[in-house]
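These notes concern the structure reproduced below.
Scope of the values below: all heavy atoms of this structure, side chains included, with no hydrogens, waters or symmetry mates. One-based numbering along the sequence shown.
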Amino acid sequence: MRSSTLTYIAREQWEEHYSDGRGFRQVGERERALLAEHTPAPDEGGRALEVGCGTGELTVCLASQGYRVDAVDFAGSALARAREEHAGVEGVRWLQLDIERDDPAPLHDTLYDLVVMRLVYPFVRDRERVLHGLGERLREGGALVVITPVAANTPAQRRGIALDEDEIAVLGAGWETVERRDADGLAFLVLRGPCHTGTRAVEKGPTTGHALTGALAVVTDDAGRVLLGRSRRGMLELPGGKSSGPEDFAVAAVRELAEETGLNADPADAYVVTMLVDDIHGVPRLTAVVRITAWSGTLSNPEPDKFARWEFVDLYALACAGAVFVPAAQALDAVWPGVIPGLPPVVSYPLAVAQPPVPGEPAEAVRLRQVMAQKVIDGGWAPSEPVRAALRSVPRHRFTPEAELAAAYGSDRVIVTRRDETGATTSSVSAAWLQADMIESLCLTSGAIVFEAGSGGYNAELIAHVAGPEGRVVTVDIDPWVVRRTRRFLAEAGSGRVTAVEADAALGAPAHLVPRGGFDAGMITYNCWDISPAWREQLAEGGRLVLPLEIGGYTRAITFERRGEVLHARRFTHCGFVRDQGQQARTVPAVPLLDGGLTLRFHDSAAADTKGLEEALRGRRHQVATGITMGAGVYFGSLQLYAATTLPGFCRLHSHQDGGVTAIAKDHDAPAIVGETSLAYLTYVQTRHGERPEDKEWEWVAHAFGEQGPELAEQLTAMVRAWDRHIRADDNDRHADPLLTVHPAGTPDHLLPAGDLLDKERSRLVFRWPGRNGPLPAPARPTDTVATAMGEA
């Protein structure tokens, strides 16, 4: 990084400095003693990271104390000298890395016991961001040591390389413990327990005006980080202030940006995106949120009496930023809705402004996106090049700004973006593998026009990328907050080929957005209990529709192809999504049993008569072994679907307690059927144990209560055996799917094909499974082995 004896800014200056053989203040004995006392290496050895190692003097000290050291510096000439001068030192990796700007991929994957920044911190521009990131790399109990000059001990002409007491206080504010020692005039700070301080929106003191109007500038750097100032009031603020006279808000924001930060922008690159209306201590306040999409100049602090410093902050860090000035917090939320939780209410007037996309992402995001894409490709979810290219290109993190980069680019990670008052998820960004799989199922061609139900932005942009420059996506969501968020993210990082609409997606797209002849394809991104007629009616003949359909409470992403008024299923994928919130949303009939210890849920029918069932559950439990076994890692989702579509009176039995009469684990459920004062359900028991997964085995067993219980259990057993013969395959990807057709509600029975019929409110589903041409095989008698293993209730 940089020396503490000079005031260089450019990397080239430091390269020349070290190439000329110059160095900086040597490591003192007091520093060595304090490191040994406060941060000794663990007995088994530890791992340390030194940021700004220079020629490696402190690195060698750490290695001598028992650490394996990653020593990083952004000056290649410094590292060349370090490697030469300390060639015999073992346990050191010399890494050229700018800790502020470069992708941190070269750093070790495991957490560090110790991170040291010696004579470096005052030269770091984005101090809070860097310190937060280094804190995330510490193991529990690890320490971050900052060794730095102090302004009080530094000549006035060189105080730019030192910290004053206010800055030292801010440095330690985000840590559980801070120990400070003196090291020959240097501050020796030991920080432990990085805290995630919740963001608080705070106000300034009372104002004397009758009304306040002002503008706030939202500016990002080339990595997509937002510019914030640490004010002398101890809070984070955006550049901005009151407008002057007839000055418009865009001009005011540009002027304030230059006056407060030294950065310059053209008013033509300033866009008023939202007006915020609230009050401060009873005085009305009108704030213009101005998005500045381009700027020039060098960041500085022309008003040191008002601000301690300015720096660029990661968006995901805004959730734990501490105190933020209320209008600034609300302005950040206006540009990136949801990025700061728990804000006070404000009246917001978003403006329909044609803002251009704003580029910017860190190198780490580029690398992680390629890794995510490759994992999806390797999993077989993205066989086509257009989908692969979309995964590699569309910046997923720009549509999930509240998530750290590693989480945003987890190939199997769902990013929750909104919850209701009970904590249930109402909006999310789905796992990348599932998004790729569903898009592949659409079989899109260049120029396709696609309908999407359930917005978020990222999935729509993936579709738009696959559809190409002539393609278009119409995305519809019922939640105003989701639509506002989607529109803002599309403005920031979109292609301009996605239109977000606030409406009930079950009604389809607004008529003026439906292409002549219908959409080429449609995708539903929330759990659907039923299939809306509008989705079929607005789909072109031969077009594909993929949606997560609930069948017996189990969800499958099913790809349909339209043939006239009938939808024909082409493939099934196991999945799960948030529930429908529109007019097709359905409350599942549920019957509690045994004082709430159990619940029967009837996902596709009215609740059955359960009179006398509680008395039966207090009686003897009957059980029948199916003789059908499975090993570890075996997929049995096809059994769930087979049961839900072939068993009359299918329901699911949920357990809310450990133990109990059913032996179903707490918070788990089992497929079930109900008869007259009787109940049967299906579970599996382990019949073979072993250390290795391949040594273990489980067997399906039917259990029953009540007079009709044995008959119901035999029905379940016969179903499992039929599944084993006709549906199941040794390869988890080769289980047989049913032939499924979806017909409009009201279609007469005689016009339906033969098969197992499942009626919904707006559609009739016909399943034709292999081997279902006749009655199920005769039931078998229970085996003694499983009866003994299960015992009796």
Side-chain angles (χ1 to χ4, degrees), residues 441 451-454 476 478 503-511 514 517-519 521-572 575 577 579-590 601-608 641-652 737-769 772:
S441 297
F451 169 74
E452 181 193 45
V476 179
I478 197 171
D504 188 343
L507 303 178
V514 180
F519 288 102
M523 180 184 292
I524 317 302
T525 64
Y526 55 80
N527 268 21
C528 314
W529 179 77
D530 202 353
I531 301 176
S532 168
W535 299 339
R536 182 192 70 250
E537 293 163 1
Q538 292 186 350
L539 187 64
E541 178 69 14
R544 288 198 163 201
L545 171 69
V546 58
L547 58 89
L549 184 63
E550 292 183 7
I551 303 168
Y554 304 113
T555 303
R556 300 292 182 270
I558 305 178
T559 303
F560 294 100
E561 186 175 301
R562 180 180 179 180
R563 296 298 177 194
E565 296 301 297
V566 179
L567 297 175
H568 296 259
R570 298 306 184 207
R571 67 188 297 259
F572 294 71
C575 67
F577 282 80
R579 300 295 301 276
D580 184 5
Q581 301 175 59
Q583 68 176 27
Q584 287 191 172
R586 179 176 185 266
T587 300
V588 177
R601 292 194 171 101
F602 298 85
H603 291 268
D604 284 316
S605 63
L641 203 63
Y642 190 69
T645 56
T646 63
L647 289 172
F650 176 84
C651 58
R652 291 168 68 176
D737 290 325
L739 293 175
L740 167 62
T741 53
V742 178
H743 307 259
T747 302
D749 288 352
H750 71 276
L751 295 181
L752 297 176
D756 294 289
L757 177 63
L758 178 61
D759 274 316
K760 304 272 189 175
E761 183 177 346
R762 296 175 176 84
S763 58
R764 309 193 78 187
L765 284 65
V766 179
F767 296 84
R768 284 169 285 172
W769 290 95
R772 287 283 294 172

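With Leu549 as the fixed residue, the side-chain contact (heavy atoms from CB on, under 4.5 Å) test singles out one of Thr555, Val742, Leu765: Leu765.
Residues that satisfy the side chain to side chain donor-acceptor pair (under 3.5 Å) test with Thr645, not counting sequence neighbours, are Trp769. Judged as a side chain to side chain donor-acceptor pair (under 3.5 Å), and not counting sequence neighbours, the contacts of Asp604 are Trp529, Lys760. Looking at residues two or more places apart in sequence or on another chain, you find a side chain to side chain donor-acceptor pair (under 3.5 Å) between Arg764 and Asp749, Asp759.
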*For Leu752 and Thr747, what are the C-alpha separation, side-chain angles and deciding distance, and is it a side-chain contact (heavy atoms from CB on, under 4.5 Å)?*
CA-CA 7 Å; Leu752 297 176; Thr747 302; 3.7 Å; yes

*Go through Tyr526 and Leu547 one step at a time and tell me if the side-chain contact (heavy atoms from CB on, under 4.5 Å) criterion holds.*
CA-CA 8 Å; Tyr526 55 80; Leu547 58 89; over 6 Å; no

_Is there a side-chain contact (heavy atoms from CB on, under 4.5 Å) between Val546 and Ile558? Walk through the geometry before answering._
CA-CA 5 Å; Val546 58; Ile558 305 178; over 6 Å; no

*asked:* Applying side-chain contact (heavy atoms from CB on, under 4.5 Å) to Phe560 and Thr741, what does each step give before you reach the verdict?
replied: CA-CA 9 Å; Phe560 294 100; Thr741 53; over 6 Å; no

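Here the CD-OG distance, from Glu761 to Ser532, works out to 11.0 Å after rounding to the nearest 0.5 Å. Atom NE2 of His743 sits about 11.0 Å away from atom CZ of Arg536, to the nearest 0.5 Å. Residue Leu739 holds its CG atom at 9.0 Å from CZ of Arg570, rounded to the nearest 0.5 Å.
Two residues are said to be in side-chain contact when any heavy atoms from C-beta on lie closer than 4.5 Å; Phe451 and Leu539 fail this criterion. Between Cys651 and His603 there is no side-chain heavy-atom pair separated by less than 4.5 Å. Using a 4.5 Å heavy-atom cutoff, the side chains of Leu641 and Arg556 are in contact. Taking the side chain as every heavy atom from C-beta outward, Leu757 and Phe767 never approach each other to under 4.5 Å. The shortest side-chain heavy-atom distance between Pro738 and Phe572 falls under the 4.5 Å cut-off. Under the 4.5 Å side-chain criterion, counting only non-hydrogen atoms from C-beta, Thr559 is not in contact with Leu545.
At distances below 3.5 Å, not a single donor-acceptor pair connects side-chain atoms of Trp535 with backbone N or O atoms of Ala453. For the pair Gln538 (side chain) and Ala509 (backbone), a donor-acceptor distance under 3.5 Å is present. A donor-acceptor pair under 3.5 Å links the side-chain atoms of Thr525 to the main chain of Gly454, judged by distance alone. Panel note: side chain Glu541, backbone Gly564; a donor-acceptor pair is recorded below 3.5 Å. Listed for the Arg562 side chain is no donor-acceptor partner under 3.5 Å among the backbone atoms of Gly542. Side chain of Arg544 to main chain of Ser441: a donor-acceptor pair is present (N/O by atom type, distance under 3.5 Å, no hydrogens or angles).
Taking each heavy atom of Cys575 and Pro548 in turn, the nearest pair found is SG-CB, 4.1 Å. Pairing each heavy atom of Ser763 with each of Asp530, the nearest pair is OG-OD1, 2.6 Å. For the residue pair Gly552 and Ala644, the shortest heavy atom distance occurs at CA-CB, 4.0 Å.
The cationic atom of Arg652 (NZ for Lys, CZ for Arg) does not lie both less than 6.0 Å from the six-membered ring centre of Phe602 and within 45° of the ring axis.
Counting only N and O atoms by type, the side chains of Arg772 and Thr646 include no donor and acceptor under 3.5 Å apart.
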